[in-house]
Amino acid sequence: MKVRTRFAPSPTGFMHVGNLRTALYAWLWAKKNDGVFMLRIEDTDQARFVEGAEEMVYKTLRTAGLVWDEGPDIGGDYGPYVQSERKDMYLPYAKQLVEMGKAYYCFCTKEELEERRAAVEAEGGTFKYDKHCLSLSKEEVERRLAAGEPYVIRQNVPTEGVADFDDAIFGHISVDCAELDDMILIKADGMPTYNFANVIDDHTMGITHVLRGMEYLSSTPKYNLLYDAFGWEKPTYVHLTTIMRDATHKLSKRDGDATFEDLVNLGYLPEAIINYLALVGWSPGDEREFFTLDELKEAFSLEGLSKSPAIFDHNKLRWMNAEYIRRMDGAAYFEKAKPWLIKAGVGAMAEDPANEDIFIRILQPRTEIFSDIANVVDFLAELDEGYDTELFTNKKSKTNPEVSKAVLEAVIPLLEALPEWNETSLHDALIGFAAEKGMKNGTLLWPVRIAMSGRTVTPGGAIEIAALLGREETLRRLRLGLEKLNHEAGDICVG
RNA sequence: GCCUGGUUGGUCUAGUGGCCUAGGACGCUGCCCUCUCACGGCGGUAACAGGGGUUCGACUCCCCUACCAGGUACCA
């Protein structure tokens, strides 16, 4: 039988990474088996409908590369793919269950139930619907229905015996029917509950493997009572563990955890996010860690899925993203980096073709996520002239304000006289000068770099920075540095 | 509370009774490279939740305890 999986989000907000991972695994399993990956929107709770949420699902799945074969936007043989549009399909099935005695009409109001629930819980008990309406006579039910009284349809769970099923990850799960509540199948507004719609949809849409969150594990035995009642074949269940923020809280948008979109906006590469996510709760069984979607498709297996929840490690994601960036082709990296360079105020510099190679060399190994770029190159756009001359002192380079002053005094005319301004000429002049004077390269280059950047840590060295800044700006900054040093020396004399 | 699961270093994990004096990766860290910071190279650090069994032998099987999560909605 052809494998068919589905991703069935409810359009209630953003796509957090846990959801995305569920979609990824469902996609992988379908694709690995040359099957069909289907998208279904579960909007049975109209009170929670969020405008635009459906679009967000599409957008996320697309940028993640998880293309669906059937869905609301593209259709398919099992449509419609939006639950609210399938509304009329559910009631007949529910009625069928009523006829079989596996379900019944219930006229208890929400308010009544809440009252009873509160009363039981106040005494420390667990409320369970008492099958009150199950004892209603057929005639009374007919009469109240005819009178237009609001009703729900509840599942009639046996009071004895066990309900069970086999999960691909957790094995055999069984629970006493006595523990189970008569869940509502059809709500008073005529919509099915998630529980019921799922059973009907998964069956009528030919789903063979249900991959979904752990939160459904303990209620799945109850669903299977329904499958049994209809005589339907059950799908293979694969309950996925939750992705946690820390040991006790799961990842959630509400608590400020990053969504997929947030991560992309921060400069994470979708491929890196997907790669990382695949490894949160799944292991290929060997020691590989880098996978393209195609490679994941090959390697994916249900056996590699973990039984315990996993904490989302931003650190490792960051590392993996950096690793992806370093492996990029230089030109591709530059294309990606450009918008961030423009944002950082060095757009003009980045436009100069002569600078592309320099930017790639100094930035690519230093970029972990693209949003890092701004803070790394901002000094190129504008020098913070108030920097402390203490920066000129560096023990390892054997520099201090005095040495630096001498260096700048010598370097300024040297560079003024340079016939050409590029990395090669700068390198030859500067390194040549140091060699000629018998100085350590560091002793010469340290003060130059400090004067050009006003900071001790910079991407690249003095030569690359000078090349980027250009002759005029480089000399302006060097003169300013010298001035600061002179000023300080003066102060010391006077004082 | 009750029910259902889970528990290998700080984190993600490998491990399905002897291959484990527990492997890999992130992190942290030492050294090297070096005009700074990165990158890169070579090292280091750190774990089987606790207690009982079963067995010649338990990380692996069983039981109990602890802790964590999920469920216990006319939410999904």
Side-chain angles (χ1 to χ4, degrees), chain A residues 8-10 12 42-45 47-48 106 108-110 113-114 117 121 124-128 150-154 167 169-171 173-176 178-181 183-189 191 193-195 197-198 212-221 239 241-242 244 246-250 276 279-289 304 306-320 322 326 361-368 376 391 394 396-397 399 430-431 434 440-450 453 455-463:
Chain A
S10 50
T12 55
E42 310 217 328
D43 58 347
T44 53
D45 185 5
R48 293 216 301 177
C106 172
C108 297
T109 66
K110 219 168 170 176
L113 291 169
E114 267 163 27
R117 184 187 310 278
E121 284 174 0
T126 305
F127 176 78
K128 208 180 133 190
Y151 68 92
V152 301
I153 295 180
R154 308 186 87 110
D167 184 90
I169 303 178
F170 294 96
I173 304 290
S174 104
V175 47
D176 279 335
E179 299 290 338
L180 270 19
D181 202 6
M183 68 174 178
I184 289 174
L185 269 19
I186 300 288
K187 301 188 264 192
D189 65 1
M191 278 290 198
T193 55
Y194 165 86
N195 306 293
N198 247 260
R212 57 166 36 153
M214 264 294 278
E215 60 269 34
Y216 304 111
L217 185 71
S218 52
S219 40
T220 300
H239 287 96
T241 57
T242 26
M244 313 288 284
D246 54 47
T248 54
H249 305 276
K250 64 175 170 181
Y276 172 71
L279 264 14
V280 178
W282 172 77
S283 163
D286 54 35
E287 279 160 5
R288 280 181 299 166
E289 307 201 86
S306 171
K307 284 182 173 177
S308 44
I311 297 174
F312 188 84
D313 186 354
H314 282 273
N315 230 331
K316 188 149 187 180
L317 203 215
R318 185 176 252 277
W319 164 80
M320 184 160 271
R326 283 175 216 131
R361 263 184 290 120
I362 69 171
L363 256 23
Q364 190 169 4
R366 270 169 266 252
T367 310
E368 293 190 307
V376 169
L391 300 188
N394 180 263
K396 231 182 114 192
S397 301
T399 61
L430 259 12
I431 301 296
K440 279 183 69 168
N441 288 343
T443 311
L444 180 83
L445 297 170
W446 179 277
V448 175
R449 196 171 56 83
I450 297 300
S453 64
R455 57 172 66 160
T456 175
V457 172
T458 60
I463 293 161

- With sugar-phosphate taken as primed atoms, P, OP1 and OP2 and all else as base, the protein-contact string of nucleotides 20-26 of chain B at under 4.0 Å (heavy atoms; B, S, -) is ---SSBS
- Summarise how protein sits on nucleotides 68-76 of chain B as a single string, 5' to 3': B when a protein heavy atom is under 4.0 Å from the base, S for sugar-phosphate-only contact, - for no contact. SSBSSSBBB
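The distance from atom CG of A/L444 to atom OG1 of A/T399, rounded to the nearest 0.5 Å, is 11.0 Å.
Across all strands shown, nothing is found opposite B/rC19 as a Watson-Crick or G-U wobble partner with both distances under 3.5 Å. For B/rC67, the paired base is B/rG6 (Watson-Crick or G-U wobble, both distances below 3.5 Å). Partner assigned to B/rA25 is B/rU11, using Watson-Crick or G-U wobble distances below 3.5 angstrom.
Evaluation of the salt bridge (charged side-chain N to carboxylate O under 4.0 Å, His left out) test over residues 308-318 of chain A, restricted to residues two or more places apart or in two chains, returns A/E289-A/K316, A/R318-A/E368, A/R318-A/D372.
Counting to the nearest Å, the C1' atom of B/rU36 and the CD1 atom of A/I362 are 13 Å from each other. One atom, NZ of A/K307, and another, C1' of B/rG5, lie 9 Å apart when rounded to the nearest Å. Rounded to an integer number of Å, the gap from A/R449 CZ to B/rU34 P is 16 Å. Distance A/H239 NE2 to B/rG5 C1': 11 Å, rounded to the nearest Å.
Nucleic acid contact for A/T458: base, since at least one base atom lies under 4.0 Å from a heavy atom of the residue. Among the heavy atoms of the strands lying under 4.0 Å from A/A462 is at least one base atom, whether or not backbone atoms are also near. Heavy atoms of A/K396 sit under 4.0 angstrom from at least one base atom. Among the atoms of the strands shown, base atoms are found under 4.0 Å from some heavy atom of A/G460.
Look at A/R326 and you'll find a side-chain N or O under 4.0 angstrom from OP1 or OP2 of B/rG40.
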- Message: Test salt bridge (charged side-chain N to carboxylate O under 4.0 Å, His left out) on A/D189 and A/K187; report intermediate values, then the result.
- Response: CA-CA 5 Å; A/D189 65 1; A/K187 301 188 264 192; 5.0 Å; no
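Here the closest heavy-atom approach between residue A/F170 and residue A/H239 is recorded as CE1-O, 3.3 Å.
Side-chain atoms of A/S397 and A/R449 form no donor-acceptor pair, as typed in the model, at a separation below 3.5 Å.
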